[in-house]
Amino acid sequence: MKELNILQNEICNILEQWSEKALITEAALAKKIRENLKIESKNKAGLSFRDIEDAILHLGEAKSIFFSLHVNSANDLLIKKSESAKPLDDDARKRRQSSEKAMSILTAGDCTKSKNTKSKKSAKLRTKRESINIYSDFEDI
């Protein structure tokens, strides 16, 4: 069995929780991941096809929970509950992977950055404001 990264593990956990749903969109899955991992950046980012596919295959092997992947006309991934795991056909796979080049994608690196950084942003200290006397050079006039 293949070792999963942080993002793929989170996808597996969410899909297990949502296993009673018939249809799960990529956008809903990405939103839930950002909430769980407290990722504040990349609000519109999608998920990589490969990460979702690896997580679905892992669920099928380990827990016998099967999903199939579909791509709609906007190249969004749709995850459907099914009797057996069905991979995408070659044409849909190529379309999706070519559209990912122009998309903002959540990566495992984003997940580790969010866990390592504090959620509070450091407040920038304001510099002391000093007044400038513009007439100092002309005092002898």
Side-chain angles (χ1 to χ4, degrees), residues 1-139 141:
M1 205 178 292
K2 186 178 175 184
E3 184 77 22
L4 299 179
N5 63 29
I6 295 171
L7 186 60
Q8 293 167 348
N9 280 327
E10 192 64 31
I11 292 170
C12 284
N13 292 339
I14 293 170
L15 288 177
E16 279 184 67
Q17 292 171 2
W18 289 354
S19 62
E20 68 277 354
K21 290 187 175 186
L23 179 70
I24 301 167
T25 63
E26 172 196 5
L29 189 60
K31 182 178 179 182
K32 185 69 174 173
I33 287 172
R34 282 192 297 274
E35 287 174 8
N36 288 354
L37 297 178
K38 297 177 179 67
I39 298 173
E40 295 177 4
S41 62
K42 293 190 172 183
N43 290 333
K44 300 288 184 186
L47 296 171
S48 169
F49 168 72
R50 183 164 292 163
D51 287 335
I52 295 175
E53 187 178 44
D54 288 346
I56 287 175
L57 293 175
H58 177 75
L59 278 177
E61 292 173 1
K63 311 254 173 147
S64 297
I65 301 172
F66 299 107
F67 292 97
S68 61
L69 285 173
H70 300 277
V71 177
N72 65 8
S73 60
N75 291 330
D76 295 328
L77 284 173
L78 304 174
I79 304 165
K80 294 183 180 180
K81 181 94 170 145
S82 64
E83 300 296 323
S84 63
K86 295 180 196 171
L88 279 176
D89 60 333
D90 290 336
D91 180 47
R93 180 184 299 264
K94 283 182 183 178
R95 279 191 303 130
R96 172 61 191 198
Q97 288 179 337
S98 65
S99 71
E100 280 184 6
K101 293 175 185 173
M103 292 172 54
S104 175
I105 301 288
L106 276 176
T107 62
D110 296 328
C111 299
T112 56
K113 286 178 192 174
S114 70
K115 289 195 173 210
N116 292 339
T117 59
K118 295 179 183 177
S119 62
K120 296 180 182 177
K121 293 182 179 178
S122 62
K124 291 184 178 180
L125 299 176
R126 190 172 179 164
T127 58
K128 184 178 177 183
R129 187 173 184 179
E130 297 178 9
S131 62
I132 299 173
N133 187 0
I134 59 171
Y135 299 109
S136 64
D137 293 337
F138 305 107
E139 288 180 352
I141 296 178

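Every value quoted in this text rests on a predicted model; they were computed, and no experiment measured them. Each residue takes its place number in the sequence, starting with 1.
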Residue that, paired with L78, satisfies side-chain contact (heavy atoms from CB on, under 4.5 Å) out of L69, T25, V71: T25
Minimal non-hydrogen separation, F66 against E83, with atom names: CD1-O, 3.3 Å
Heavy-atom neighbours of Q17 CD exceed 12 at 6.0 Å: yes
Flag, side chain of R34 to backbone of L106, donor-acceptor distance under 3.5 Å: no
L15 and I65: CA distance, side-chain angles, deciding distance, side-chain contact (heavy atoms from CB on, under 4.5 Å) verdict: CA-CA 9 Å; L15 288 177; I65 301 172; over 6 Å; no
Heavy-atom check, side chain of D51 versus side chain of N5, under 4.5 Å: yes
Chi angles and distances behind the side-chain contact (heavy atoms from CB on, under 4.5 Å) call for I79, W18: CA-CA 11 Å; I79 304 165; W18 289 354; over 6 Å; no
Residue pair S98 / R95: nearest heavy atoms and the distance that separates them: OG-O, 2.9 Å
D76 to R96 - nearest heavy-atom pair and separation: CA-NH1, 4.0 Å
Worked check of side-chain contact (heavy atoms from CB on, under 4.5 Å) between H58 and Q8: CA-CA 9 Å; H58 177 75; Q8 293 167 348; over 6 Å; no
K80 to F67 six-membered ring, cation-pi geometry met (6.0 Å, 45°): no
L29, I24, L47, I52 screened by side-chain contact (heavy atoms from CB on, under 4.5 Å) with L77, the one that passes: I52
Residues R50, E100; criterion salt bridge (charged side-chain N to carboxylate O under 4.0 Å, His left out); working and verdict: CA-CA 11 Å; R50 183 164 292 163; E100 280 184 6; over 6 Å; no
